[in-house]
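Data first, discussion second: the structure below is written as structure tokens.
Nothing fancy with the numbering, it's 1 onward along the sequence.
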Amino acid sequence: MQTDLSAALDIGGTKIAGALVDGRGRLIVRAGRPTPADKDGASVMRAVAEVVQELAAGPDWARVAAVGIGSAGPVDASAGTVSPVNIPGWRDFPLVAGVRALVGERPVTLVGDGVAMTAAEHWQGAARGHANALCMVVSTGVGGGLVLNGRLHPGPTGNAGHIGHISVDLDGDACPCGARGCVERIASGPNIARRALADGWRPGPDGDSSAAAVAAAAHAGDPVAVRSFERAAQALAAGIAATATLVEIDIAVIGGGVAGAGDVLFVPLRKALRDYATLSFVADLTVVPAQTGTDAGVVGAAAAAQQSRLDAFVPLP
């Protein structure tokens with residue numbers, strides 16, 4: 001017996017990925033386009049439309065019951081708009097309305113990309129089986145999302161759990177968001193590299209000054225590179241502990257490029273977490289790497305669409 005599918009879109013500054021996803025999280029059909037982030041908003045929307053049209057071209061489209069969108073943010077799910085920092089042509093762009101015009105009567109759900117990753121990890125990844133979880137993307141930025149009482153908790157605008165902009169250093173550097181000492185300003189890939197360079201680390205002969213290069217140097221024992229990751233780990237630990245204390249999560253899942261550093265991040269992170277998560281109800285909090293990889297965006301967008309669709313059919317008391 002054939003079951004309903006969800007159409008899913010994962011929209012970022014580099015690429016627009018699309019998929020038809022079944023009830024087990026399997027990708028039945030894929031489509032994608034580069035994001036024309038340097039063009040105007042209409043050009044970016046045309047690329048989205050091409051992805052949707054490619055998904056709709058086959059016979060499986062008739063089985064699509066709902067559409068989910070995970071987008072770089074900020075997003076405003078209540079208004080159906082997006083303003084991704086890395087897509088300048090989209091400011092308060094009516095993305096949901098644009099997608100609805102392409103998909104007919106199917107319901108469309110919008111969440112931030114951190115929330116989408118959280119939905120994927122809870123459905124198919126490292127947070128599976130956990131009723132209360134924080135999942136994070138640590139990459140060019142730091143995003144996240146929450147699962148509370150066994151359900152994805154996107155919040156009214158689709159941004160709940162955005163841990164990257166919790167302030168963990170009251171006298172820290174100014175953050176582009178307007179606050180000071182944010183987790184993202186310390187623990188994102190570019191800021192790990194920035195700190196390492198400022199403290200005297202120098203790239204190798206290839207000139208690579210990325211966080212991945214700093215991670216490689218840390219693995220090789222470079223003390224400046226090690227300290228830069230320790231500082232990032234401390235900021236992540238403080239943000240995770242604050243979140244756990246507020247909503248009583250029992251697991252934190254970390255994905256994104258910086259998580260690929262492995263032990264040079266996770267060992268000091270777990271050590272620092274013991275210093276911050278000290279109350280009895282958060283002392284057993286665990287931190288693990290994400291499992292869903294590069295498909296997290298579309299899998300999570302599909303999961304968010306499925307939850308939204310089920311919610312719409314819950315009878316009122």
Side-chain angles (χ1 to χ4, degrees), residues 10 12-15 35 37 72-73 84-87 112-114 117-118 121 126 134-145 162-169 172-177 179-240 252-273 287-294 296-297:
D10 175 21
T14 302
K15 65 180 175 63
T35 304
V85 173
N86 50 5
I87 306 178
D113 52 3
M117 177 265 191
T118 300
E121 287 295 323
L134 168 69
C135 300
M136 303 172 60
V137 181
V138 186
S139 185
T140 305
V142 177
H162 202 335
I163 188 173
H165 294 289
I166 291 176
S167 179
V168 293
D169 183 356
D173 293 339
C175 179
C177 78
R180 184 174 292 279
C182 292
V183 171
E184 182 172 297
R185 185 63 177 164
I186 301 168
S188 70
N191 283 301
I192 290 172
R194 177 179 65 86
R195 184 179 184 88
L197 288 165
D199 288 349
W201 174 77
R202 291 294 175 262
D206 61 0
D208 184 359
S209 61
S210 67
V214 179
H219 278 291
D222 184 291
V224 177
V226 168
R227 285 197 299 273
S228 187
F229 268 91
E230 288 175 343
R231 175 66 170 164
Q234 184 181 18
L236 291 170
I240 291 168
V253 177
I254 302 181
V258 171
D263 285 350
V264 297
L265 177 70
F266 283 95
V267 169
L269 172 54
R270 290 176 179 129
K271 180 177 182 295
L273 195 58
V287 179
V288 298
Q291 295 177 353
T292 52
T294 56

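Residues N86 and A37 come closest through the heavy atom pair O-CB, 3.6 Å. Closest non-hydrogen pair, A217 versus W201, comes out as CB-NE1, 3.4 Å. Closest of all the heavy-atom pairs between P190 and S139 is CD-O, 3.8 Å. Shortest non-hydrogen contact noted between G255 and M117 is N-CE, 3.7 Å. Nearest heavy atoms, A187 versus V138: O-CG1, 3.4 Å. Closest approach of A211 and A193 over heavy atoms only: N-CB, 4.0 Å.
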(request) Start with the C-alpha gap between L197 and R202, add the side-chain angles, then the distance that decides, and say whether side-chain contact (heavy atoms from CB on, under 4.5 Å) holds. (result) CA-CA 6 Å; L197 288 165; R202 291 294 175 262; 4.2 Å; yes
(message) Evaluate F266 against V288 for side-chain contact (heavy atoms from CB on, under 4.5 Å), listing each step before the verdict.
(response) CA-CA 8 Å; F266 283 95; V288 298; 6.0 Å; no
(request) Take V287 and L273 through the test side-chain contact (heavy atoms from CB on, under 4.5 Å) and record every step on the way to the result. (result) CA-CA 9 Å; V287 179; L273 195 58; 3.4 Å; yes
(message) Under the criterion side-chain contact (heavy atoms from CB on, under 4.5 Å), I'd like the reasoning laid out for L265 against L236: C-alpha separation, chi angles, the key distance, then a yes or no.
(response) CA-CA 10 Å; L265 177 70; L236 291 170; 3.9 Å; yes
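Checking side-chain atoms of S188 against main-chain N and O of G141 turns up no donor-acceptor pair under 3.5 Å. For the pair S228 (side chain) and I192 (backbone), a donor-acceptor distance under 3.5 Å is present. Formation of a donor-acceptor pair under 3.5 Å by the R195 side chain with backbone atoms of I186 is not found in this model. With hydrogens and angles disregarded, no donor-acceptor distance shorter than 3.5 Å links the side chain of S167 to the backbone of C182. Looking at E121, its side chain does come within 3.5 Å of a backbone N or O of A126 through a donor-acceptor pair. Side chain of N191 to main chain of E184: a donor-acceptor pair is present (N/O by atom type, distance under 3.5 Å, no hydrogens or angles). Judged by distance alone, the side chain of H219 and the main-chain N or O of A261 form a donor-acceptor pair under 3.5 Å.
With contacts defined as side-chain heavy-atom distances shorter than 4.5 Å, the pair T14/T35 does not qualify. By the 4.5 Å heavy-atom criterion applied to side chains, K15 and D10 are counted as neighbours. Inter-residue side-chain proximity for L134 and I163 is flagged as met; some heavy-atom pair is nearer than 4.5 Å. Annotation: side chain of V183 is not in contact with side chain of H165 (no heavy-atom distance under 4.5 Å). Within the 4.5 Å cutoff, the side chain of Q234 has no heavy atoms near those of the L269 side chain.
A salt bridge links D173 to R194: one of the charged nitrogens lies within less than 4.0 Å of a carboxylate oxygen. A salt bridge links D169 with R231: the distance from a Lys NZ or Arg NE/NH1/NH2 to an Asp or Glu carboxylate oxygen falls below 4.0 Å.
Looking at residues two or more places apart in sequence or on another chain, you find a side-chain contact (heavy atoms from CB on, under 4.5 Å) between S210 and D208, A212, A213.
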